[in-house]
Q: 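Here it is, the structure, as structure tokens.
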Amino acid sequence: MPDAGALHVVRLCGVEVVRDGTPVVDGIDWEVRAGERWAVLGPNGSGKTTMLRVAGMRLLPTRGTVEVLGETYGRTDARALRRRVAFVSGTLLRSFRPTITAHDAVLSGRFADLEAWWHRYDDADHDRAEELLAQAGLAAASGRTFEVLSEGERQQVLLARALMGRPELLLLDEPAAGLDLGARERLVTRLAALTADPATPPLVLVTHHTEEIPPGVTHVALVRGGRLSAAGPADEVLTSAAVSRCFGVEVAVDRVDGRVTARASIQP
């Protein structure tokens, strides 16, 4: 785990995002340092995705300062910086044409585009795309098109695509949303492998289910009503009291083999 002097890769200072006069994100101060793996947890509509989009320089805040990879939003070429930050979301999933193959979808991540034919690739690029698919358990799906892949397979392809560009920061917006139990567990297993790999860049995972947090996550931010209700080392933040306050319901948080669950506290 990085020490206190580790370089920050994301720093939000006094960040606010206001829409129609209502703050969606309200006074967020947050840092992600080199080597850290974060989960951002909170109810629907709490501002998690907005916070992630700001951190990825995809949304300019109404107020506050945003520093990413040593650059300040508003004082740098955000388009160039975005190529150093991999952003995985459901919106991206819907941007691919249905007939693109899994291989070409992953390959397109080399230059952060939506079509592989927009650029030239060498044998090493093609080999890396196949290797990433194999690591996701999708070696046999390389030539299959998006329209015949399952939802879980598509999410795995998007994750492989994100890694294809060798990003310096990896941002994942609810990658397990809508997945069945098997697909979710395969994705969590893949994320656990990534969090354990020192070569993986700093990672931020947004979710609203504790069960989707992979082992290896070092830090957690709890978000409620556009504000951080708690943030810090995972073992200190993922407590029954803190998670209950965040979601507004009494839950008991338990840990088994590095996984975290939350269930309602039922009084006899």
Q: Which value, rounded to the nearest 0.5 Å, describes the distance between Leu107 atom CG and Arg161 atom CZ?
A: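 The CZ atom of Arg161 is 10.5 Å from CG of Leu107, to the nearest 0.5 Å.
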Q: Walk me through whether Glu153 and Arg144 qualify under side-chain contact (heavy atoms from CB on, under 4.5 Å).
A: CA-CA 11 Å; Glu153 289 170 333; Arg144 293 166 60 192; 3.5 Å; yes
Q: Parallel, tilted or perpendicular: which describes the rings of Phe96 and Phe146, with under 30° parallel and over 60° perpendicular?
A: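 Ring orientation of Phe96 relative to Phe146: tilted.
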Q: Are the side chain of Ser142 and the backbone N or O of Glu130 linked by a donor-acceptor pair below 3.5 Å?
A: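 Checking the backbone N and O of Glu130 against the side chain of Ser142, no donor-acceptor pair under 3.5 Å is found.
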Q: Taking Ser240 for the side chain and Val253 for the main chain, is one N or O donor matched with an acceptor at less than 3.5 Å?
A: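 It does hold such a pair.
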Q: With a 3.5 Å distance limit and no angle check, can you tell me whether Asp125 reaches the backbone of Asp122 through a side-chain donor-acceptor pair?
A: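 The answer is yes, because a donor-acceptor pair under 3.5 Å joins these two groups.
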Q: Which heavy atom of Ser46 sits nearest to which heavy atom of Arg224, and what is that distance?
A: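 Residues Ser46 and Arg224, closest heavy atoms: CB-CA, 4.1 Å.
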Q: Hey, could you give me the CZ/CG distance between Arg37 and Asp197, rounded to the nearest 0.5 Å?
A: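 So the gap between those two atoms works out to 7.5 Å.
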Q: Do the non-hydrogen side-chain atoms of Glu147 and Arg97 ever get within less than 4.5 Å of each other?
A: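 No; the side chains remain at least 4.5 Å from each other.
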Q: Over all heavy atoms of both residues, which pair between Ala192 and Pro214 is shortest? Give the atoms and the distance, please.
A: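 Scanning both residues completely, I find the closest heavy atoms to be N-CB, 3.7 Å.
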Q: Could you tell me whether the side chain of Arg154 and the main chain of Leu149 form a donor-acceptor pair under 3.5 Å?
A: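 It does hold such a pair.
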Q: Drop me the distance from Arg84's CZ to Arg166's CZ, to the nearest 0.5 angstrom.
A: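 It is 16.0 Å, given to the nearest 0.5 Å.
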Q: Between Leu12 and Ala55, what is the shortest heavy-atom contact and its length?
A: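 Where Leu12 meets Ala55 most closely, the heavy atoms are CD2-CA, 4.5 Å.
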Q: What is the minimum heavy-atom distance between Ile28 and Gly226, and which atoms define it?
A: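 Minimum heavy-atom contact is CD1-O, 3.5 Å.
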Q: Is there a side-chain contact (heavy atoms from CB on, under 4.5 Å) between Trp30 and Met51 once you walk through the steps?
A: CA-CA 10 Å; Trp30 179 53; Met51 182 174 154; 3.3 Å; yes
Q: Determine, step by step, whether Gln155 and Glu151 satisfy the side-chain hydrogen bond (donor to acceptor under 3.5 Å, both in side chains) criterion, reporting the C-alpha distance in whole Å, the side-chain angles of both residues, the deciding distance to 0.1 Å, and the verdict.
A: CA-CA 6 Å; Gln155 288 292 355; Glu151 194 71 14; 4.6 Å; no
Q: I'd like to know if Leu7 and Met57 are part of one continuous hydrophobic network [Ile/Leu/Val/Met/Phe/Trp/Tyr, side-chain heavy atoms within less than 4.5 Å].
A: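 As far as the 4.5 Å side-chain criterion goes, Leu7 and Met57 are not connected within one cluster.
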Q: Find the distance between CD (Glu174) and CG (Leu52) and round it off to the nearest 0.5 Å.
A: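 It comes to 10.0 Å.
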Q: Quick one: do Leu205 and Leu222 end up in the same hydrophobic cluster if we chain Ile, Leu, Val, Met, Phe, Trp and Tyr together by side-chain heavy atoms under 4.5 Å apart?
A: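 Shared cluster, no.
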Q: Output yes when a side-chain donor or acceptor of Ser108 lies under 3.5 Å from a complementary backbone atom of Ala105, and no otherwise.
A: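 Yes; judged by distance alone, with no hydrogens or angles, the pair exists.
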Q: Does a side-chain heavy-atom distance below 4.5 Å link Leu163 with Leu194?
A: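 Of all side-chain heavy-atom pairs linking Leu194 with Leu163, at least one is under 4.5 Å.
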Q: Report yes or no: do Val85 and Val204 belong to one cluster of Ile/Leu/Val/Met/Phe/Trp/Tyr joined by side chain heavy-atom distances under 4.5 Å?
A: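 Linked, Val85 and Val204 end up in one cluster.
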Q: Please say which of Val32, Leu203, Leu171, Ile213 ends up in a side-chain contact (heavy atoms from CB on, under 4.5 Å) with Trp38.
A: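 Going through the options one by one, the only one that passes is Val32.
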Q: Which pair of heavy atoms, one from Leu228 and one from Ala231, lies closest together, and at what distance?
A: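 Closest heavy-atom pair between Leu228 and Ala231: CD1-CB, 4.2 Å.
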Q: Walk me through whether Arg245 and Ser229 qualify under side-chain contact (heavy atoms from CB on, under 4.5 Å).
A: CA-CA 8 Å; Arg245 285 194 299 270; Ser229 62; 5.9 Å; no
Q: So among Glu36, Glu67, Glu31, which one has a side chain to side chain donor-acceptor pair (under 3.5 Å) with His8?
A: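 Result for side chain to side chain donor-acceptor pair (under 3.5 Å) with His8: Glu67.
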Q: Between the side chain of Thr72 and the main-chain N/O of Arg75, is any donor-acceptor distance below 3.5 Å?
A: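 Absent.
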Q: Report the distance from atom NE2 of His208 to atom CG of Asn44, rounding to the nearest 0.5 Å.
A: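 His208 atom NE2 to Asn44 atom CG measures 4.5 Å (nearest 0.5 Å).
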Q: Is there a path of hydrophobic side-chain contacts, each under 4.5 Å between heavy atoms of I, L, V, M, F, W or Y residues, that connects Val9 with Val206?
A: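 Yes; Val206 is reachable from Val9 via cluster members.
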Q: Mind listing the closest non-hydrogen atom pair of Leu170 and Pro201 along with its distance?
A: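 Heavy atoms of Leu170 and Pro201 come nearest at CB-CG, 4.3 Å.
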Q: Around atom CZ of Arg259, are there more than 12 heavy atoms of other residues, nucleotides or ligands at under 6.0 Å?
A: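 It does: Arg259 CZ has more than 12 such atoms within range.
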Q: In sequence, state the C-alpha distance, the side-chain angles, and the governing distance for Leu238 and Arg255, and then conclude on side-chain contact (heavy atoms from CB on, under 4.5 Å).
A: CA-CA 10 Å; Leu238 282 178; Arg255 290 171 174 79; 3.1 Å; yes
Q: Going from CG on Leu179 to CZ on Arg184, what distance comes out if it is rounded to the nearest 0.5 angstrom?
A: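 If we round to the nearest 0.5 Å, Leu179:CG and Arg184:CZ are 9.0 Å apart.
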Q: I need the single residue from Val66, Val68, Val25, Thr49 that forms a side-chain contact (heavy atoms from CB on, under 4.5 Å) with Val54. Which is it?
A: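 Testing Val54 for a side-chain contact (heavy atoms from CB on, under 4.5 Å) against Val66, Val68, Val25, Thr49 leaves exactly one candidate, Val66.
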Q: Do Thr145 side-chain atoms and Ile100 backbone N/O form a donor-acceptor pair below 3.5 Å?
A: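 Not confirmed, Thr145 side chain does not pair with Ile100 backbone.
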Q: Assess whether salt bridge (charged side-chain N to carboxylate O under 4.0 Å, His left out) is satisfied between Arg263 and Asp254, documenting all intermediate values.
A: CA-CA 8 Å; Arg263 57 184 174 77; Asp254 295 305; 3.4 Å; yes
Q: For Gln135, which of Leu133, Leu132, Leu138 qualifies under side-chain contact (heavy atoms from CB on, under 4.5 Å)?
A: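 Per the side-chain contact (heavy atoms from CB on, under 4.5 Å) rule, the option paired with Gln135 is Leu132, out of Leu133, Leu132, Leu138.
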Q: Would you say the side-chain atoms of Thr76 pair up with the backbone N or O of Tyr73, donor to acceptor, closer than 3.5 Å?
A: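 Not a single qualifying donor-acceptor pair exists.
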Q: Which of these passes side-chain contact (heavy atoms from CB on, under 4.5 Å) with Leu158: Val106, Val88, Leu172?
A: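 In the set Val106, Val88, Leu172, the residue that makes a side-chain contact (heavy atoms from CB on, under 4.5 Å) with Leu158 is Val88.
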Q: If we only count heavy atoms from C-beta on, is the Thr207 to Leu41 side-chain gap below 4.5 Å?
A: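 A side-chain contact under 4.5 Å exists here.
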Q: Within the distance-only criterion (no hydrogens, no angle test), does the side chain of Arg58 pair as donor or acceptor with the backbone N or O of Arg53 below 3.5 angstrom?
A: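 Pair absent, no side-chain N/O of Arg58 close to backbone of Arg53.
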Q: Check for me, please, whether Phe87 and Leu159 land in the same ILVMFWY cluster - side-chain distances under 4.5 Å, paths through other members count.
A: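 Cluster IDs for Phe87 and Leu159 differ.
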Q: Is the backbone N or O of Gly14 less than 3.5 Å from a side-chain atom of Asp29, with the two atoms forming a donor-acceptor pair by type?
A: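 At least one qualifying donor-acceptor pair exists.
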Q: Could you check whether Asp77 pairs with Arg79 (Lys NZ or Arg NE/NH1/NH2 to Asp/Glu carboxylate O, under 4.0 Å)?
A: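 Counted as a salt bridge, because a side-chain N and a carboxylate O are separated by less than 4.0 Å.
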